[in-house]
Number of protein chains: 2
Amino acid sequence: MAMNISEKINLTETTPEDRSPEDRSMAIRESLRNAIIDRRLAPGTKLSESEVGSLFDVSRTVARAALQMLAFEGLVKTERNRGAFVSNPSPEEARQIFASRRLIEPGIVAAAVERITPEDIAEFRRQLGEEERYMNERGPAARRAEIKASGDFHLMLASVAGNVILQRFMDELVARSSLVIALYGRSGVSSCGHSEHTAVLDALEKGDGERAAKLMIHHIDHIEADLDLQVKQGLGLKDALSLA
Amino acid sequence: MAMNISEKINLTETTPEDRSPEDRSMAIRESLRNAIIDRRLAPGTKLSESEVGSLFDVSRTVARAALQMLAFEGLVKTERNRGAFVSNPSPEEARQIFASRRLIEPGIVAAAVERITPEDIAEFRRQLGEEERYMNERGPAARRAEIKASGDFHLMLASVAGNVILQRFMDELVARSSLVIALYGRSGVSSCGHSEHTAVLDALEKGDGERAAKLMIHHIDHIEADLDLQVKQGLGLKDALSLA
DNA sequence: TTTGGGCAAATCGTATGCAATCTTAGCGTT
DNA sequence: AACGCTAAGATTGCATACGATTTGCCCAAA
(Lines give C-alpha, C1' and ligand atoms only; values in the text may rest on other atoms or scores of the structure.)
Protein backbone atom coordinates (compact mmCIF):
# COMPACT_ATOMS: atom_id res chain seq x y z
CA MET A 1 0.00 0.00 0.00
CA ALA A 2 3.03 2.23 -0.29
CA MET A 3 1.56 3.85 -3.36
CA ASN A 4 3.01 7.24 -4.02
CA ILE A 5 0.57 10.07 -4.23
CA SER A 6 2.84 12.26 -6.28
CA GLU A 7 1.32 11.31 -9.58
CA LYS A 8 -2.10 12.25 -8.27
CA ILE A 9 -1.23 15.84 -7.64
CA ASN A 10 -0.70 18.55 -10.14
CA LEU A 11 2.08 20.61 -8.67
CA THR A 12 2.09 23.39 -11.21
CA GLU A 13 -1.52 24.39 -11.27
CA THR A 14 -0.99 27.76 -9.68
CA THR A 15 -1.79 30.44 -12.20
CA PRO A 16 0.74 33.22 -12.78
CA GLU A 17 -1.13 35.95 -10.95
CA ASP A 18 -1.97 33.50 -8.20
CA ARG A 19 1.77 33.39 -7.75
CA SER A 20 1.77 35.80 -4.88
CA PRO A 21 5.11 35.47 -3.14
CA GLU A 22 3.35 34.56 0.08
CA ASP A 23 1.69 31.75 1.88
CA ARG A 24 2.99 28.70 0.20
CA SER A 25 0.87 26.65 2.55
CA MET A 26 -2.18 28.25 0.95
CA ALA A 27 -1.02 27.13 -2.48
CA ILE A 28 -0.43 23.62 -1.19
CA ARG A 29 -3.85 23.58 0.38
CA GLU A 30 -5.38 24.64 -2.89
CA SER A 31 -3.53 21.98 -4.79
CA LEU A 32 -4.50 19.21 -2.40
CA ARG A 33 -8.04 20.52 -2.28
CA ASN A 34 -8.38 20.30 -6.01
CA ALA A 35 -6.91 16.83 -6.02
CA ILE A 36 -9.43 15.73 -3.43
CA ILE A 37 -12.52 17.21 -5.02
CA ASP A 38 -11.36 15.95 -8.40
CA ARG A 39 -11.21 12.53 -6.82
CA ARG A 40 -7.61 12.05 -7.78
CA LEU A 41 -7.03 11.46 -4.09
CA ALA A 42 -9.48 8.87 -2.83
CA PRO A 43 -11.11 9.04 0.59
CA GLY A 44 -8.91 7.34 3.13
CA THR A 45 -5.65 8.15 1.38
CA LYS A 46 -2.93 8.99 3.83
CA LEU A 47 -1.31 12.38 3.50
CA SER A 48 1.85 12.29 5.54
CA GLU A 49 3.54 15.54 6.40
CA SER A 50 6.91 14.56 5.05
CA GLU A 51 5.46 13.21 1.83
CA VAL A 52 3.45 16.33 1.17
CA GLY A 53 6.40 18.44 2.18
CA SER A 54 8.85 16.80 -0.16
CA LEU A 55 6.30 16.80 -2.98
CA PHE A 56 6.02 20.56 -2.83
CA ASP A 57 9.59 21.16 -1.76
CA VAL A 58 8.80 22.65 1.57
CA SER A 59 9.45 21.63 5.12
CA ARG A 60 7.02 19.67 7.22
CA THR A 61 6.07 22.89 8.97
CA VAL A 62 4.47 24.32 5.86
CA ALA A 63 2.93 21.03 4.82
CA ARG A 64 1.47 20.67 8.26
CA ALA A 65 -0.16 24.08 8.06
CA ALA A 66 -1.82 23.14 4.79
CA LEU A 67 -3.12 19.90 6.25
CA GLN A 68 -4.45 21.74 9.27
CA MET A 69 -6.45 24.02 7.04
CA LEU A 70 -7.88 21.10 5.14
CA ALA A 71 -8.77 19.44 8.41
CA PHE A 72 -10.59 22.58 9.44
CA GLU A 73 -12.80 22.52 6.40
CA GLY A 74 -13.48 18.83 6.85
CA LEU A 75 -11.70 17.52 3.79
CA VAL A 76 -9.11 15.61 5.77
CA LYS A 77 -9.23 14.04 9.18
CA THR A 78 -6.20 14.02 11.42
CA GLU A 79 -5.61 11.36 14.03
CA ARG A 80 -3.20 12.11 16.77
CA ASN A 81 0.24 10.65 16.25
CA ARG A 82 -1.06 8.88 13.17
CA GLY A 83 -1.38 11.48 10.51
CA ALA A 84 -3.82 13.05 8.10
CA PHE A 85 -6.17 11.15 5.83
CA VAL A 86 -8.57 12.21 3.14
CA SER A 87 -11.97 12.27 4.83
CA ASN A 88 -14.28 9.34 4.63
CA PRO A 89 -17.65 10.92 5.34
CA SER A 90 -20.25 8.70 6.94
CA PRO A 91 -23.77 8.46 5.51
CA GLU A 92 -24.93 10.57 8.41
CA GLU A 93 -22.41 13.27 7.55
CA ALA A 94 -23.55 13.06 3.96
CA ARG A 95 -27.14 13.65 4.97
CA GLN A 96 -26.14 16.63 7.08
CA ILE A 97 -24.14 18.10 4.23
CA PHE A 98 -27.12 17.97 1.94
CA ALA A 99 -29.47 19.21 4.61
CA SER A 100 -27.20 22.21 5.00
CA ARG A 101 -27.16 22.80 1.28
CA ARG A 102 -30.94 22.61 1.09
CA LEU A 103 -31.04 25.29 3.72
CA ILE A 104 -28.39 27.63 2.34
CA GLU A 105 -28.61 27.40 -1.41
CA PRO A 106 -32.15 28.69 -1.82
CA GLY A 107 -31.06 31.74 0.11
CA ILE A 108 -28.08 32.15 -2.14
CA VAL A 109 -30.31 31.93 -5.17
CA ALA A 110 -32.62 34.54 -3.70
CA ALA A 111 -29.68 36.87 -3.13
CA ALA A 112 -28.22 36.15 -6.55
CA VAL A 113 -31.40 37.06 -8.42
CA GLU A 114 -31.12 40.57 -7.03
CA ARG A 115 -27.54 41.09 -8.07
CA ILE A 116 -26.92 39.06 -11.17
CA THR A 117 -25.81 41.03 -14.23
CA PRO A 118 -25.98 40.18 -17.92
CA GLU A 119 -22.23 39.65 -17.81
CA ASP A 120 -22.73 37.11 -15.04
CA ILE A 121 -25.34 35.35 -17.11
CA ALA A 122 -22.97 35.15 -20.05
CA GLU A 123 -20.28 33.75 -17.81
CA PHE A 124 -22.71 31.15 -16.49
CA ARG A 125 -23.65 30.13 -20.02
CA ARG A 126 -19.99 29.63 -20.83
CA GLN A 127 -19.61 27.52 -17.74
CA LEU A 128 -22.65 25.44 -18.60
CA GLY A 129 -21.18 24.89 -22.03
CA GLU A 130 -18.07 23.47 -20.40
CA GLU A 131 -20.23 21.23 -18.32
CA GLU A 132 -22.03 19.91 -21.34
CA ARG A 133 -18.79 19.33 -23.18
CA TYR A 134 -17.41 17.16 -20.40
CA MET A 135 -20.75 15.42 -20.07
CA ASN A 136 -20.51 14.21 -23.64
CA GLU A 137 -16.98 12.96 -23.28
CA ARG A 138 -16.09 9.53 -21.99
CA GLY A 139 -13.47 8.42 -19.55
CA PRO A 140 -12.64 9.06 -15.93
CA ALA A 141 -10.87 12.34 -16.60
CA ALA A 142 -13.93 13.81 -18.26
CA ARG A 143 -16.04 12.47 -15.47
CA ARG A 144 -13.89 14.24 -12.91
CA ALA A 145 -13.94 17.45 -14.84
CA GLU A 146 -17.68 17.20 -15.10
CA ILE A 147 -18.12 16.84 -11.36
CA LYS A 148 -15.79 19.75 -10.80
CA ALA A 149 -17.65 21.90 -13.29
CA SER A 150 -20.95 20.97 -11.72
CA GLY A 151 -19.70 22.14 -8.35
CA ASP A 152 -18.32 25.31 -9.87
CA PHE A 153 -21.81 26.27 -10.95
CA HIS A 154 -22.92 26.36 -7.33
CA LEU A 155 -19.82 28.25 -6.30
CA MET A 156 -20.30 30.87 -9.00
CA LEU A 157 -23.82 31.33 -7.77
CA ALA A 158 -22.54 31.91 -4.25
CA SER A 159 -20.04 34.39 -5.60
CA VAL A 160 -22.77 36.33 -7.41
CA ALA A 161 -24.85 36.38 -4.25
CA GLY A 162 -22.18 38.62 -2.78
CA ASN A 163 -22.03 37.25 0.74
CA VAL A 164 -18.48 36.13 1.37
CA ILE A 165 -19.43 34.20 4.49
CA LEU A 166 -22.03 32.12 2.73
CA GLN A 167 -19.58 31.77 -0.11
CA ARG A 168 -17.06 30.20 2.22
CA PHE A 169 -19.68 27.88 3.67
CA MET A 170 -20.58 26.82 0.16
CA ASP A 171 -16.93 26.25 -0.68
CA GLU A 172 -16.81 23.77 2.12
CA LEU A 173 -20.15 22.16 1.39
CA VAL A 174 -19.47 21.70 -2.31
CA ALA A 175 -16.05 20.23 -1.65
CA ARG A 176 -17.42 17.79 0.89
CA SER A 177 -20.29 16.96 -1.43
CA SER A 178 -17.77 15.92 -4.00
CA LEU A 179 -16.26 13.50 -1.52
CA VAL A 180 -19.68 12.14 -0.67
CA ILE A 181 -20.55 11.62 -4.31
CA ALA A 182 -17.26 9.84 -4.83
CA LEU A 183 -18.11 7.47 -2.01
CA TYR A 184 -21.82 6.93 -2.41
CA GLY A 185 -22.61 8.07 -5.93
CA ARG A 186 -24.57 5.58 -7.96
CA SER A 187 -24.61 6.93 -11.49
CA GLY A 188 -23.47 9.95 -13.43
CA VAL A 189 -24.90 12.74 -11.39
CA SER A 190 -24.83 15.19 -14.13
CA SER A 191 -27.09 13.96 -16.87
CA CYS A 192 -29.89 15.32 -14.76
CA GLY A 193 -27.69 17.85 -13.04
CA HIS A 194 -26.74 19.79 -16.11
CA SER A 195 -30.24 20.43 -17.37
CA GLU A 196 -31.24 21.45 -13.89
CA HIS A 197 -28.45 23.98 -13.78
CA THR A 198 -29.66 25.54 -16.99
CA ALA A 199 -33.20 25.61 -15.64
CA VAL A 200 -32.05 27.47 -12.54
CA LEU A 201 -30.11 29.92 -14.65
CA ASP A 202 -33.09 30.50 -16.94
CA ALA A 203 -35.28 31.32 -13.98
CA LEU A 204 -32.61 33.67 -12.66
CA GLU A 205 -32.35 35.41 -15.99
CA LYS A 206 -36.08 36.04 -15.96
CA GLY A 207 -35.79 37.41 -12.44
CA ASP A 208 -37.99 34.69 -11.04
CA GLY A 209 -36.24 34.05 -7.76
CA GLU A 210 -39.07 31.96 -6.35
CA ARG A 211 -38.89 29.52 -9.18
CA ALA A 212 -35.09 29.45 -9.19
CA ALA A 213 -35.06 28.60 -5.51
CA LYS A 214 -37.58 25.81 -5.96
CA LEU A 215 -35.58 24.42 -8.86
CA MET A 216 -32.44 24.53 -6.78
CA ILE A 217 -34.06 22.56 -3.98
CA HIS A 218 -35.22 19.94 -6.43
CA HIS A 219 -31.77 19.83 -7.90
CA ILE A 220 -30.20 19.15 -4.51
CA ASP A 221 -32.85 16.54 -3.83
CA HIS A 222 -31.95 14.82 -7.06
CA ILE A 223 -28.26 14.79 -6.28
CA GLU A 224 -28.91 13.27 -2.89
CA ALA A 225 -31.40 10.79 -4.31
CA ASP A 226 -28.68 9.47 -6.56
CA LEU A 227 -26.66 8.46 -3.53
CA ASP A 228 -26.74 5.08 -1.86
CA LEU A 229 -26.57 5.94 1.80
CA GLN A 230 -27.88 2.67 3.18
CA VAL A 231 -25.37 -0.10 2.74
CA LYS A 232 -22.47 1.02 4.83
CA GLN A 233 -24.59 1.66 7.88
CA GLY A 234 -23.91 -1.17 10.26
CA LEU A 235 -20.43 -2.28 9.47
CA GLY A 236 -17.70 0.10 10.42
CA LEU A 237 -15.48 -2.49 8.85
CA LYS A 238 -15.35 -0.45 5.71
CA ASP A 239 -13.93 2.42 7.65
CA ALA A 240 -10.99 0.46 8.91
CA LEU A 241 -10.54 -0.99 5.47
CA SER A 242 -10.23 2.30 3.70
CA LEU A 243 -8.05 3.75 6.40
CA ALA A 244 -5.50 1.00 6.17
CA MET B 1 0.13 50.83 23.62
CA ALA B 2 2.31 48.10 25.10
CA MET B 3 -0.52 46.87 27.24
CA ASN B 4 -0.17 43.30 28.24
CA ILE B 5 -2.99 41.00 27.32
CA SER B 6 -2.21 38.49 30.01
CA GLU B 7 -4.72 39.88 32.47
CA LYS B 8 -7.43 39.60 29.84
CA ILE B 9 -7.15 35.89 29.46
CA ASN B 10 -8.24 33.25 31.83
CA LEU B 11 -5.59 30.60 31.52
CA THR B 12 -7.17 27.99 33.72
CA GLU B 13 -10.62 27.75 32.29
CA THR B 14 -10.18 24.29 30.86
CA THR B 15 -12.38 21.89 32.73
CA PRO B 16 -10.85 18.71 34.13
CA GLU B 17 -12.28 16.34 31.57
CA ASP B 18 -11.47 18.80 28.83
CA ARG B 19 -7.91 18.23 29.94
CA SER B 20 -7.18 15.72 27.26
CA PRO B 21 -3.44 15.26 27.11
CA GLU B 22 -3.52 16.35 23.52
CA ASP B 23 -3.92 19.30 21.30
CA ARG B 24 -2.86 22.13 23.45
CA SER B 25 -3.38 24.42 20.51
CA MET B 26 -7.08 23.57 20.68
CA ALA B 27 -7.20 24.59 24.33
CA ILE B 28 -5.43 27.84 23.54
CA ARG B 29 -7.81 28.52 20.70
CA GLU B 30 -10.74 27.96 23.03
CA SER B 31 -9.30 30.25 25.63
CA LEU B 32 -8.64 33.05 23.18
CA ARG B 33 -12.00 32.51 21.57
CA ASN B 34 -13.77 32.97 24.86
CA ALA B 35 -11.75 36.05 25.62
CA ILE B 36 -12.71 37.54 22.27
CA ILE B 37 -16.42 36.80 22.40
CA ASP B 38 -16.51 37.95 26.02
CA ARG B 39 -15.01 41.18 24.78
CA ARG B 40 -12.10 40.94 27.16
CA LEU B 41 -9.94 41.22 24.05
CA ALA B 42 -11.08 44.19 22.02
CA PRO B 43 -11.16 44.22 18.24
CA GLY B 44 -7.83 45.32 16.89
CA THR B 45 -5.81 43.91 19.77
CA LYS B 46 -2.58 42.41 18.59
CA LEU B 47 -1.96 38.79 19.38
CA SER B 48 1.68 38.11 18.77
CA GLU B 49 2.83 34.55 18.51
CA SER B 50 5.52 34.87 21.13
CA GLU B 51 3.23 36.62 23.57
CA VAL B 52 0.50 34.02 23.24
CA GLY B 53 3.10 31.30 23.43
CA SER B 54 4.68 32.51 26.62
CA LEU B 55 1.28 33.18 28.17
CA PHE B 56 0.30 29.56 27.78
CA ASP B 57 3.79 28.20 28.23
CA VAL B 58 4.11 26.73 24.80
CA SER B 59 6.33 27.43 21.85
CA ARG B 60 5.41 29.72 19.03
CA THR B 61 4.64 26.67 16.93
CA VAL B 62 1.55 25.71 18.86
CA ALA B 63 0.54 29.32 19.49
CA ARG B 64 0.72 29.86 15.78
CA ALA B 65 -1.55 26.89 15.16
CA ALA B 66 -4.15 28.31 17.53
CA LEU B 67 -4.03 31.68 15.80
CA GLN B 68 -4.39 30.02 12.42
CA MET B 69 -7.57 28.31 13.56
CA LEU B 70 -8.97 31.58 14.85
CA ALA B 71 -8.08 33.24 11.57
CA PHE B 72 -9.91 30.49 9.75
CA GLU B 73 -13.12 31.15 11.62
CA GLY B 74 -12.76 34.86 11.10
CA LEU B 75 -12.16 35.92 14.68
CA VAL B 76 -8.65 37.16 14.01
CA LYS B 77 -7.04 38.55 10.92
CA THR B 78 -3.43 37.84 10.13
CA GLU B 79 -1.25 40.18 8.12
CA ARG B 80 1.85 38.81 6.58
CA ASN B 81 5.00 39.52 8.56
CA ARG B 82 2.96 41.68 10.90
CA GLY B 83 1.01 39.37 13.06
CA ALA B 84 -2.48 38.46 14.14
CA PHE B 85 -5.09 40.90 15.35
CA VAL B 86 -8.53 40.48 16.79
CA SER B 87 -10.88 41.05 13.87
CA ASN B 88 -12.41 44.40 13.25
CA PRO B 89 -15.46 43.52 11.15
CA SER B 90 -16.63 46.17 8.74
CA PRO B 91 -20.30 47.18 8.59
CA GLU B 92 -20.56 45.23 5.38
CA GLU B 93 -19.22 42.12 7.07
CA ALA B 94 -21.67 42.73 9.89
CA ARG B 95 -24.56 42.83 7.45
CA GLN B 96 -23.39 39.61 5.82
CA ILE B 97 -23.10 37.90 9.17
CA PHE B 98 -26.67 38.73 10.02
CA ALA B 99 -27.89 37.90 6.55
CA SER B 100 -26.34 34.48 7.01
CA ARG B 101 -27.97 34.06 10.37
CA ARG B 102 -31.36 35.02 8.98
CA LEU B 103 -30.89 32.31 6.43
CA ILE B 104 -29.60 29.54 8.68
CA GLU B 105 -31.31 29.97 12.01
CA PRO B 106 -34.88 29.46 10.84
CA GLY B 107 -33.73 26.17 9.40
CA ILE B 108 -32.11 25.25 12.67
CA VAL B 109 -35.30 26.06 14.50
CA ALA B 110 -37.26 23.91 12.09
CA ALA B 111 -34.91 21.01 12.69
CA ALA B 112 -34.89 21.58 16.43
CA VAL B 113 -38.66 21.43 16.77
CA GLU B 114 -38.55 17.88 15.46
CA ARG B 115 -35.92 16.68 17.88
CA ILE B 116 -36.26 18.69 21.04
CA THR B 117 -36.97 16.68 24.19
CA PRO B 118 -38.50 17.71 27.51
CA GLU B 119 -35.01 17.46 28.99
CA ASP B 120 -33.77 19.93 26.40
CA ILE B 121 -36.59 22.26 27.26
CA ALA B 122 -35.68 22.12 30.92
CA GLU B 123 -32.07 22.84 30.09
CA PHE B 124 -33.13 25.80 27.99
CA ARG B 125 -35.23 27.16 30.84
CA ARG B 126 -32.23 26.91 33.13
CA GLN B 127 -30.16 28.77 30.59
CA LEU B 128 -32.78 31.48 30.19
CA GLY B 129 -32.79 31.87 33.96
CA GLU B 130 -29.06 32.54 33.83
CA GLU B 131 -29.65 35.08 31.13
CA GLU B 132 -32.24 36.89 33.18
CA ARG B 133 -30.02 36.88 36.21
CA TYR B 134 -27.19 38.58 34.38
CA MET B 135 -29.64 40.95 32.77
CA ASN B 136 -30.68 42.25 36.15
CA GLU B 137 -27.14 42.73 37.36
CA ARG B 138 -25.12 45.82 36.72
CA GLY B 139 -21.54 46.26 35.64
CA PRO B 140 -19.41 45.29 32.67
CA ALA B 141 -18.80 41.74 33.88
CA ALA B 142 -22.51 41.00 34.04
CA ARG B 143 -22.93 42.63 30.68
CA ARG B 144 -20.32 40.34 29.17
CA ALA B 145 -21.84 37.29 30.77
CA GLU B 146 -25.21 38.35 29.45
CA ILE B 147 -23.97 38.61 25.89
CA LYS B 148 -22.27 35.27 26.21
CA ALA B 149 -25.41 33.65 27.61
CA SER B 150 -27.47 35.17 24.85
CA GLY B 151 -25.22 33.61 22.25
CA ASP B 152 -25.27 30.31 24.07
CA PHE B 153 -29.01 30.12 23.55
CA HIS B 154 -28.51 30.10 19.82
CA LEU B 155 -25.72 27.57 20.08
CA MET B 156 -27.81 25.24 22.21
CA LEU B 157 -30.50 25.44 19.60
CA ALA B 158 -28.02 24.46 16.92
CA SER B 159 -26.89 21.58 19.07
CA VAL B 160 -30.44 20.33 19.49
CA ALA B 161 -30.97 20.56 15.74
CA GLY B 162 -28.46 17.75 15.42
CA ASN B 163 -26.57 18.89 12.36
CA VAL B 164 -22.92 19.24 13.30
CA ILE B 165 -22.08 21.16 10.16
CA LEU B 166 -24.70 23.81 10.77
CA GLN B 167 -23.65 23.79 14.38
CA ARG B 168 -20.12 24.71 13.40
CA PHE B 169 -21.37 27.43 11.09
CA MET B 170 -23.42 28.81 13.95
CA ASP B 171 -20.42 28.68 16.26
CA GLU B 172 -18.65 30.94 13.86
CA LEU B 173 -21.59 33.24 13.22
CA VAL B 174 -22.42 33.72 16.88
CA ALA B 175 -18.81 34.43 17.75
CA ARG B 176 -18.48 36.98 15.01
CA SER B 177 -21.82 38.49 15.95
CA SER B 178 -20.42 39.10 19.39
CA LEU B 179 -17.57 41.04 17.85
CA VAL B 180 -19.97 43.03 15.74
CA ILE B 181 -22.14 43.88 18.70
CA ALA B 182 -19.07 44.97 20.61
CA LEU B 183 -18.18 47.35 17.81
CA TYR B 184 -21.52 48.65 16.68
CA GLY B 185 -23.93 47.86 19.48
CA ARG B 186 -25.99 50.78 20.60
CA SER B 187 -27.74 49.64 23.74
CA GLY B 188 -28.18 46.55 25.84
CA VAL B 189 -29.16 44.00 23.26
CA SER B 190 -30.79 41.74 25.70
CA SER B 191 -33.65 43.58 27.29
CA CYS B 192 -35.54 42.67 24.17
CA GLY B 193 -33.37 39.66 23.40
CA HIS B 194 -34.22 37.72 26.48
CA SER B 195 -37.97 37.87 26.14
CA GLU B 196 -37.62 36.91 22.51
CA HIS B 197 -35.63 33.87 23.47
CA THR B 198 -38.35 32.73 25.80
CA ALA B 199 -40.93 33.34 23.09
CA VAL B 200 -39.00 31.14 20.68
CA LEU B 201 -38.66 28.44 23.30
CA ASP B 202 -42.38 28.59 24.10
CA ALA B 203 -43.24 28.10 20.46
CA LEU B 204 -40.82 25.20 20.27
CA GLU B 205 -42.34 23.59 23.32
CA LYS B 206 -45.75 23.74 21.71
CA GLY B 207 -44.31 22.18 18.59
CA ASP B 208 -45.12 25.21 16.50
CA GLY B 209 -42.07 25.34 14.27
CA GLU B 210 -43.55 27.89 11.92
CA ARG B 211 -44.08 30.37 14.68
CA ALA B 212 -40.72 29.66 16.27
CA ALA B 213 -38.96 30.31 12.98
CA LYS B 214 -40.82 33.58 12.48
CA LEU B 215 -39.97 34.66 16.00
CA MET B 216 -36.35 33.82 15.41
CA ILE B 217 -36.22 35.95 12.31
CA HIS B 218 -37.74 38.86 14.15
CA HIS B 219 -35.26 38.33 16.93
CA ILE B 220 -32.33 38.52 14.54
CA ASP B 221 -33.86 41.58 12.93
CA HIS B 222 -34.06 43.23 16.32
CA ILE B 223 -30.47 42.47 17.14
CA GLU B 224 -29.31 43.94 13.87
CA ALA B 225 -31.61 46.92 14.23
CA ASP B 226 -29.86 47.75 17.46
CA LEU B 227 -26.59 48.20 15.61
CA ASP B 228 -25.31 51.44 14.20
CA LEU B 229 -23.85 50.40 10.89
CA GLN B 230 -23.88 53.77 9.18
CA VAL B 231 -21.22 55.99 10.60
CA LYS B 232 -18.08 54.19 9.61
CA GLN B 233 -19.15 53.82 6.03
CA GLY B 234 -17.20 56.32 3.98
CA LEU B 235 -14.04 56.76 5.93
CA GLY B 236 -11.80 53.76 5.94
CA LEU B 237 -9.73 55.98 8.14
CA LYS B 238 -11.34 54.47 11.16
CA ASP B 239 -10.19 51.07 10.06
CA ALA B 240 -6.56 52.13 9.97
CA LEU B 241 -7.09 53.88 13.25
CA SER B 242 -8.37 50.89 15.10
CA LEU B 243 -5.71 48.64 13.66
CA ALA B 244 -2.90 50.82 14.90
C1' DT C 1 10.88 72.79 11.77
C1' DT C 2 10.20 69.38 8.62
C1' DT C 3 11.52 65.74 5.65
C1' DG C 4 14.29 61.91 4.14
C1' DG C 5 17.38 58.08 4.78
C1' DG C 6 19.34 54.56 7.28
C1' DC C 7 19.98 51.70 11.19
C1' DA C 8 18.21 48.77 14.93
C1' DA C 9 14.64 46.20 17.24
C1' DA C 10 10.88 43.28 16.89
C1' DT C 11 8.18 39.84 14.65
C1' DC C 12 7.12 36.60 11.37
C1' DG C 13 8.27 32.54 7.97
C1' DT C 14 10.51 28.38 7.61
C1' DA C 15 13.73 24.57 8.40
C1' DT C 16 15.48 21.25 11.29
C1' DG C 17 16.28 18.37 15.51
C1' DC C 18 14.75 15.66 19.35
C1' DA C 19 11.44 13.19 22.16
C1' DA C 20 7.11 10.65 22.31
C1' DT C 21 3.94 7.61 20.22
C1' DC C 22 2.24 4.36 17.10
C1' DT C 23 2.94 0.53 13.83
C1' DT C 24 4.97 -3.57 12.31
C1' DA C 25 8.03 -7.32 11.88
C1' DG C 26 10.34 -10.94 14.16
C1' DC C 27 10.72 -14.27 17.72
C1' DG C 28 9.55 -17.29 21.24
C1' DT C 29 6.03 -19.90 23.67
C1' DT C 30 1.96 -22.72 24.04
C1' DA D 1 -0.01 -23.35 13.71
C1' DA D 2 -1.65 -19.60 16.47
C1' DC D 3 -0.98 -16.25 19.84
C1' DG D 4 1.46 -12.85 22.56
C1' DC D 5 5.50 -10.09 23.32
C1' DT D 6 9.44 -7.26 22.31
C1' DA D 7 12.22 -4.28 19.63
C1' DA D 8 13.05 -1.61 15.60
C1' DG D 9 11.26 1.62 12.24
C1' DA D 10 8.41 5.28 10.93
C1' DT D 11 5.64 9.36 11.83
C1' DT D 12 3.92 12.91 14.42
C1' DG D 13 4.23 16.76 18.34
C1' DC D 14 6.81 20.25 19.72
C1' DA D 15 10.73 23.33 20.52
C1' DT D 16 14.31 25.94 18.90
C1' DA D 17 17.34 28.36 15.47
C1' DC D 18 18.11 31.29 11.70
C1' DG D 19 16.97 34.28 7.82
C1' DA D 20 13.61 37.73 5.93
C1' DT D 21 10.56 41.48 6.36
C1' DT D 22 8.55 45.19 8.56
C1' DT D 23 8.40 49.05 11.85
C1' DG D 24 9.90 52.78 14.40
C1' DC D 25 13.57 55.78 15.80
C1' DC D 26 17.16 58.87 15.28
C1' DC D 27 19.78 61.99 13.04
C1' DA D 28 21.19 64.78 9.31
C1' DA D 29 20.10 67.96 5.67
C1' DA D 30 17.09 71.32 3.46
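Each chain gets a letter, A, B and so on, in the order the sequences are listed, and its residues count up from 1.
Dashed line: the shortest gap from a side-chain N or O of B/Ser59 to OP1 or OP2 of D/dA15 is under 4.0 Å.
Contacts of B/Arg176 classified as salt bridge (charged side-chain N to carboxylate O under 4.0 Å, His left out), with partners at least two apart in sequence or in another chain: B/Glu93, B/Glu172. Taking B/Arg33 as the reference, B/Glu73 meet the side chain to side chain donor-acceptor pair (under 3.5 Å) condition, with sequence neighbours excluded. Partners of A/Arg138 according to the salt bridge (charged side-chain N to carboxylate O under 4.0 Å, His left out) rule, which considers only residues two or more places apart in sequence or in another chain, do not exist here. A search for ring-ring contact (aromatic ring centres under 6.0 Å, His included) contacts involving B/Phe124 returns B/Phe153, not counting sequence neighbours. Residues that satisfy the salt bridge (charged side-chain N to carboxylate O under 4.0 Å, His left out) test with A/Glu224, not counting sequence neighbours, are A/Arg102.
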Sub-3.5 Å pairs of nitrogen or oxygen atoms, protein against nucleotides 8-13 of chain D:
unit_1, atom_1, unit_2, atom_2, d
D/dT12, OP1, A/Glu49, N, 3.1
D/dG13, OP2, A/Arg64, NH1, 2.3
D/dG13, OP2, A/Arg64, NH2, 2.6
D/dG13, N7, A/Arg60, NH2, 3.1
D/dG13, O6, A/Arg60, NH1, 3.4

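Rounded to an integer number of Å, the gap from CZ of A/Phe56 to C1' of C/dT14 is 17 Å.
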